[in-house]
Structure formats: C-alpha cells, structure tokens
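So you know, we letter chains A, B, ... as the sequences are listed, proteins then strands, and number each from 1.
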Protein chains: 2
Amino acid sequence: MSPKTRNVTQKEIARIAGVSQTTVSMVLNDRDGSNVRIPAATRERVKQAIEQSTYVADPAARRLAGLDNQILGVFTYEPALSPESMDFYGPLLNGIERAAEEVGCDLLFFTSSPVEDGRRTLFHRKTRLRLADGCILLGQDMDGDDLKRLVDERFPFVAVGRRDETTARVPYVGIDYVTLTDGLIRRAVELGHREGVYVHRDGDSPTARDRRGQIVAATESGTLHFTPVAVADDDVSAAVAAVAAGGATVIFAEDTFLAEDVAFALAAAGIDLPRSVSLASLGEVRGHSIGGRVLTGFQTPRQQVAAEALNLLQKLVATPADEWPGLDTQLLLDGTLELGETLVPVGSAS
Amino acid sequence: MSPKTRNVTQKEIARIAGVSQTTVSMVLNDRDGSNVRIPAATRERVKQAIEQSTYVADPAARRLAGLDNQILGVFTYEPALSPESMDFYGPLLNGIERAAEEVGCDLLFFTSSPVEDGRRTLFHRKTRLRLADGCILLGQDMDGDDLKRLVDERFPFVAVGRRDETTARVPYVGIDYVTLTDGLIRRAVELGHREGVYVHRDGDSPTARDRRGQIVAATESGTLHFTPVAVADDDVSAAVAAVAAGGATVIFAEDTFLAEDVAFALAAAGIDLPRSVSLASLGEVRGHSIGGRVLTGFQTPRQQVAAEALNLLQKLVATPADEWPGLDTQLLLDGTLELGETLVPVGSAS
DNA sequence: CTGAAAGCGCTTACAG
DNA sequence: CTGAAAGCGCTTACAG
C-alpha cells in the first residue's frame with residue numbers, strides 16, 4: 001500500500017468541533033432517535049467543521065461496522081465489455097448503470113474472477129463479493145453451485161434471466177419467452193404454415209427449455225409440426241438439409257445468431273428466403289436483418305429487465321433475509337413480437 | 001443491512017486448527033520473514049482448515065487494516081455504458097476490463113456520483129473512492145479541481161488522455177495527436193492542397209490545443225493555409241459557407257462526428273465530396289464512412305491506451321507516493337494515419 | 001443530551 | 001516459533 005497523506009477522520013472533526021467522536025458519527029448519520037437528542041447548536045457546530053474539512057467517511061470502516069455500502073456487484077460469466085458481448089450485455093449494462101445512478105449506488109465489476117472451464121468463477125479465495133451489498137448475475141450459462149451457495153449464504157442477489165434451480169429458489173428478472181414463442185407459432189399458423197424446422201443449440205438453459213416446450217407442444221397438438229435440428233459448432237448444414245428434404249415451409253431458430261447462420265447457409269444452397277422458406281428467430285432481432293429484410297422475431301425490453309433487476313436487488317438488500325420468503329422475487333417481463341419480413345404466407349413463391 | 005448468516009472468520013479457522021488467529025493471518029498472507037517462521041506442520045494444519053471451510057477474507061477489514069484491495073476505480077464524467085458513449089468508451093472499457101482481469105483486479109465504477117453542471121463530480125460526501133487502490137479517469141472534459149485534489153491527496157490515479165494542468169502534474173496515458181495531425185497536414189500538402197478550412201468546436205482541452213497548434217503552425221509557415229471555423233451546437237453551416245466562398249480545397253474537422261456533420265451539410269449544399277473538396281477528420285475514423293467512402297483520419301490504439309493506463313496505475317499503487325516523482329507518469333502512444341478515400345489530390349474533379 | 005467502551009475482521013509490531 | 005495486544009475508522013448499545 002502506498003502511503004498516502006492521512007485522511008480526515010471523525011476524530012479530527014470531533015476535536016475541531018469540541019465534541020466526542022460519537023457525536024460526530026451521530027450527526028453524520030442523522031441519528032436522532034429516542035435516546036439521542038442533539039441540540040441544534042452542537043449539531044450545527046459539527047456540520048460546520050465537516051463542511052470546512054474534506055471529510056469523507058471511510059467506506060471500509062462503515063462496512064466493517066455493519067452498514068451497507070451503496071455498492072452493488074455485477075458478475076458476468078464472460079467478459080462483459082468486449083465488442084462481441086456488447087450485443088447482448090450492452091443494453092443490460094446500460095440499464096444497470098442508469099438504475100444504479102438513480103439509486104446512488106456504485107457498481108463493482110468482478111473482473112478478477114479466475115476462469116475455470118471457460119467461465120469465470122464467482123467464489124474464489126479472494127473474492128471481493130462481500131464488499132457489495134448485493135450482486136447482479138449476468139450470463140447465459142450460470143453455475144448452479146454458485147446460485148445455491150448464494151442462496152445458502154443468504155447473500156442478496158438477482159439473476160438476469162429465468163432460473164429454475166431445483167436446489168434453491170433463485171431470485172430473477174427475465175423475459176417471458178413462452179408467450180413470445182407461442183405468439184410466433186400462432187403467427188406462422190395464421191400464415192398457413194403447418195410444417196417447420198426448429199434449429200437449436202441443444203442447450204439446457206431455462207430459456208432454451210421455454211422455447212422448446214412450446215415447439216414441442218405445437219408439434220404434439222398438431223398445430224404446427226416441427227422437426228428439431230440440433231446444431232453444434234455453428235454447423236447448420238443439417239438444418240439446410242432438413243429444409244431441402246422438403247415439407248417444411250418455415251424455420252424457427254433458437255436465437256438470432258443461429259438465424260443468421262441459417263440464412264447464410266440457405267443462400268449458399270440456393271434456397272430463396274423467404275420465398276421458398278420463411279425464417280424467424282426466437283430471440284431479440286433489433287439491429288439484425290437478412291438480406292435487407294427485417295428479421296422476424298422478438299423485441300425484448302432488456303434495459304427494463306436490468307432496471308427491474310436492480311430494483312429487486314435493492315429490495316432484497318433492504319429486507320432482512322428471514323422476510324425474503326414473503327417477497328415476490330421472480331419476475332418475467334413481456335416482450336413484443338417483431339413481425340418482420342422473413343416470415344411470410346405459405347406459397348408466396350407463386 | 002439485512003442480517004446474513006455469519007461469515008467464516010479467521011478466528012474460527014484458528015479454533016479449528018488449534019492455533020491463534022494471528023497465525024492464521026500469517027499463513028494466509030505468506031508472512032514468512034525473519035521474525036516469523038511457521039513450521040510446515042502447523043502451516044499445513046491451517047491450510048487444511050481453510051480448505052475445508054468457505055473462508056474468504058473480508059475485504060473491508062483488510063482494507064481498514066491498511067492493505068490494498070485489488071480494486072481499481074473507474075470514473076467517467078459521463079455515463080460510460082450508454083449506447084451513445086460506447087463509440088468512444090467501448091474500446092477503452094474493453095481494454096480496461098482485459099487488463100484488470102490480467103492483473104486480478106476488480107473494477108469499481110463510480111456511477112453514484114451526483115451530476116453537477118452536466119457532469120459527474122468525483123468528490124462528494126459519500127464517495128467510495130477510497131475503497132479503490134487507485135482510479136482511472138475517463139472523459140473528454142475533466143475537472144481541473146478534481147485532478148488537483150487527487151494529486152494533493154496523493155491518491156494514485158491515471159487520466160486517459162493528455163492533461164496539462166498548470167496546477168499539478170497529472171499522470172496520464174494518451175495519444176500523440178500532434179504527430180498525427182502533422183502527418184495528415186503533410187499528406188494534404190503532398191496531394192497539392194494549399195488552402196483549407198479547419199472546423200472545430202472551440203473547446204480548450206489539451207487534445208484540442210494539440211490539433212489546433214499544428215493547424216496554426218501550418219498556416220503561419222505557409223505550408224497549408226487554414227481558415228478556422230468554430231462550430232457551436234453542431235451548426236456547421238459556417239463551415240460550408242467558408243468552403244462555398246471558394247479557395248479552400250480541403251476541410252479538416254476536429255473530430256469524426258464533426259466531419260460527418262460537415263459531409264452531410266456539403267451534400268445538402270450540392271458540393272461534391274471529395275471531387276470538389278476533400279475532407280479529413282483529426283480523430284478516430286474506424287467504422288465511419290462518408291457515402292461509402294472510407295473517411296480519412298486517424299486510427300488510435302485505444303485498447304492499448306487503456307491497458308497502459310492500468311499498467312501505470314498499478315505501478316503507482318505499488319510505489320510509495322514520495323517516489324512517484326522518479327516515475328515516468330506521462331505517456332503518449334502513437335496512432336496511425338488512415339489515408340482513406342475522402343482526402344484526394346487537388347483537381348480530381350477534372 | 002453526550003461520551004467512554006466494545007466490537008466489526010483483519011494486520012502488524014511486540015513480547016515471550 | 002507463536003500469541004496477546006493495539007490499531008485501522010466507524011457504529012451502536014450502554015452508562016452517565
């Protein structure tokens with residue numbers, strides 16, 4: 001630690017104002033309850049002294065003494081500020097920053113977390129987690145053990161995105177993908193589609209299950225029959241083959257990157273989009289288009305998700321842990337459909 | 001403060017291992033100097049106990065006891081994570097995140113700082129600044145008083161961008177705009193330009209002065225004569241008028257947004273770019289183009305700037321303040337010219 | 001109304 | 001080699 005000029009402490013303020021350090025603390029924290037009643041005169045004297053000095057409370061000491069810090073942690077399972085991740089994290093981080101500014105909190109990014117198995121670990125020997133009053137968790141693929149431990153330790157946190165851990169009830173704010181997926185299926189049916197291909201990554205996240213659930217339901221009810229195609233390593237050739245095999249008039253892709261890959265592969269295979277086959281993404285499509293056409297998919301209120309997550313986190317921080325069970329800690333927000341231009345009526349080719 | 005389950009402390013580890021709490025601290029911090037020599041046996045016992053527990057040192061306590069925190073502050077004078085600011089801050093933040101990850105530091109964003117006069121204030125009653133070992137300052141328009149106070153308090157910090165405060169020697173990492181500007185002027189001269197217009201915002205930041213200095217020098221030496229045009233509120237009409245008045249074959253804009261505004265106004269005025277007049281930006285141009293043409297300007301190593309800034313900050317943190325004068329704390333990195341397609345030989349119209 | 005004291009969890013001289 | 005003690009700056013019972 002580089003030696004700095006000593007900082008002003010309450011003790012010095014006390015000496016200047018001619019009171020005890022306790023009194024300074026009382027004044028600073030507006031402790032004016034039944035047992036303590038500080039006359040306006042001394043209160044004023046103390047305030048004067050503080051005003052004249054450059055006094056700033058030491059956050060570490062406050063924290064150690066058991067107060068909160070006005071610091072919220074932000075943990076991402078991948079680098080959050082890289083150009084590639086901005087597409088996903090950008091709106092969330094922006095929402096978090098704005099909400100934090102609003103409530104007067106600083107944001108502690110746990111960039112130091114060592115990487116294991118390709119993702120960062122929240123708990124490690126030197127984690128500064130406890131310096132924060134609470135923590136926001138971001139990432140497609142969270143660690144179940146982390147979540148469990150956070151719950152067990154009663155550390156206030158909120159996950160962005162739905163989590164249905166069997167081991168613990170995780171507070172989250174997410175998007176209602178079930179309704180969105182359902183809406184897009186209806187839309188396809190309205191347009192005459194009866195046979196589709198569902199291209200997905202074969203992941204097992206809650207949001208992946210949400211989408212798949214509706215796809216399966218539509219298939220089983222006979223509303224719209226989907227042939228599922230799992231894709232690995234961005235190799236979407238199987239999906240193209242499934243389309244070429246005939247029958248399908250529409251492709252649903254699990255997310256927008258996948259949709260773009262599919263579109264590219266279709267073009268390479270000489271299959272015309274959307275004349276020969278329609279395409280829709282079950283993810284956020286803003287800013288994405290296919291050959292100049294607005295991609296059909298969802299619009300998701302990510303900034304709002306972030307704001308609500310911070311909101312909920314604040315509530316958890318302010319509530320004693322034993323009262324948490326009474327709180328509504330799982331929140332899904334509605335998105336909207338982007339009808340777009342890549343999902344068109346069957347037979348548009350004619 | 002919501003009551004949590006109590007966290008494991010050194011005292012408990014000590015009890016388990018059957019040693020004193022001091023010894024636990026020693027083992028944890030590898031204090032094995034001349035006065036302390038802990039036998040491998042007890043050391044092992046302590047490590048076992050730690051391993052079995054979920055012990056994590058309380059960062060607030062460490063900090064209060066005078067150690068460093070592995071937390072670096074990030075202060076931006078405007079919101080850093082908004083879509084608009086990403087163009088500028090994005091590469092810097094990315095560089096900072098990567099560097100922080102490398103050195104094992106967390107990043108504390110001072111989002112809580114209240115806004116005064118349209119910009120955030122670093123020092124306020126509840127600043128958590130001191131929780132960080134040091135701080136990176138970002139922003140076009142920093143507050144001179146903030147800088148002075150940081151220097152006076154000997155708080156380790158590094159500004160991104162050159163700062164020449166008269167009141168204090170500010171550590172910084174920036175880009176060498178003098179050489180870049182000079183290079184672009186030479187280039188214009190090579191292409192036959194003798195008469196230009198310099199569109200600027202009339203600001204007084206160091207980098208603004210750097211650019212203007214070269215413009216003025218070229219004008220005075222007669223190499224390339226510039227007519228300066230100050231622009232307010234993005235109203236570049238005066239610049240267009242200056243061009244229309246004749247004589248000038250090239251426009252230099254202080255930054256890329258300005259260049260884009262000028263290009264737009266020229267097009268509206270029916271002045272053909274670059275056939276009638278050339279255009280160059282004295283700023284980063286990556287990702288910007290004018291009517292499909294690569295804009296002439298600079299490429300600046302912003303990620304590297306960020307990395308070097310963090311580097312320097314680490315050095316400051318690790319060095320006692322009284323030895324800072326011996327350090328090289330002002331660093332300018334080289335950018336490269338983007339020759340682009342909007343600065344063309346005089347008389348290309350023919 | 002106000003201050004002396006204990007305590008938060010840690011580190012570091014200082015004695016054994 | 002190891003532990004008891006002081007101290008970091010703050011808050012909060014607890015006595016006056």
| request: Return the nucleotide paired to C:dA13: Watson-Crick means purine N1 to pyrimidine N3 with N6-O4 or O6-N4, wobble means G-U with N1-O2 and O6-N3, both under 3.5 Å. | output: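 Paired with C:dA13, as far as the under-3.5 Å criterion goes, is no nucleotide at all.
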
| field | Any-strand Watson-Crick or G-U partner of D:dA4, both distances under 3.5 Å | value |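 Paired with no nucleotide.
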
Nearest-Å distance, [atom1] ([X]) to [atom2] ([N])?
X: A:Arg43; N: C:dC1; atom1: CZ; atom2: P; result: 11 Å
X: A:Arg45; N: C:dC1; atom1: CZ; atom2: P; result: 14 Å
X: A:Asp58; N: C:dC8; atom1: CG; atom2: P; result: 18 Å
X: B:Asp68; N: D:dC8; atom1: CG; atom2: C1'; result: 15 Å
X: A:Leu64; N: D:dT12; atom1: CG; atom2: P; result: 13 Å
X: A:Gln10; N: C:dA4; atom1: CD; atom2: C1'; result: 15 Å
X: B:Arg125; N: D:dC10; atom1: CZ; atom2: P; result: 12 Å
X: B:Leu28; N: C:dT12; atom1: CG; atom2: C1'; result: 15 Å

Minimum-distance nucleotide (side-chain atoms of [X] versus [options]):
X: B:Thr23; options: D:dG3, C:dC10, D:dC10; answer: D:dG3
X: A:Pro39; options: C:dG9, C:dT2, D:dT12; answer: C:dT2
X: B:Ala65; options: D:dT2, D:dT11, D:dG7; answer: D:dG7
X: B:Leu67; options: D:dT2, C:dT11, C:dG9; answer: C:dT11
X: B:Met26; options: D:dC8, C:dT12, D:dT2; answer: C:dT12
X: A:Val19; options: C:dG9, D:dC10, C:dG3; answer: C:dG3

Closer than 4.0 Å, any side-chain N/O of [X] to the OP1 or OP2 of [N]?
X: B:Asn29; N: C:dT11; result: yes
X: A:Gln21; N: D:dT11; result: no
X: A:Thr22; N: C:dT2; result: no
X: A:Thr42; N: C:dT2; result: yes
X: A:Arg62; N: D:dG9; result: no

| message | Any non-hydrogen side-chain atom of A:Thr76 less than 4.5 Å from a side-chain atom of A:Arg120? | response |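 Contact flag for A:Thr76/A:Arg120 side chains = yes.
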
| query | Has the side chain of B:Ser20 got a donor or acceptor atom sitting under 3.5 Å from an opposite partner on the base of D:dA4? | reply |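 It does not, because no donor-acceptor pair links the side chain of B:Ser20 to the base of D:dA4 below 3.5 Å.
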
| message | Need one value for B:Ala60: base, sugar-phosphate or nothing, where a base atom within 4.0 Å counts as base even if backbone is also close, heavy atoms only. | response |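 Counting heavy atoms under 4.0 Å across all strands, no contact is made by B:Ala60.
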
| Cation-pi geometry met for B:Arg149 and B:Phe123 (6.0 Å, 45°) |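 The answer is yes; both the distance and angle limits are met.
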
For the side chain of [X] and the backbone of [Y], is there at least one donor-acceptor N/O pair under 3.5 Å apart?
X: B:Arg125; Y: A:Tyr55; result: yes
X: B:Asp133; Y: B:Gln70; result: yes
X: B:Ser113; Y: B:Leu122; result: no

| query | Which sits closer to the 5' end of DNA chain D, B:Gly18 or B:Ala61, going by the nucleotide each is nearest to? | reply |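 Upstream on the strand: B:Gly18.
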
| query | Would you call A:Arg43 and A:Asp30 a salt bridge, using N to O less than 4.0 angstrom? | reply |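 Salt bridge: yes.
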
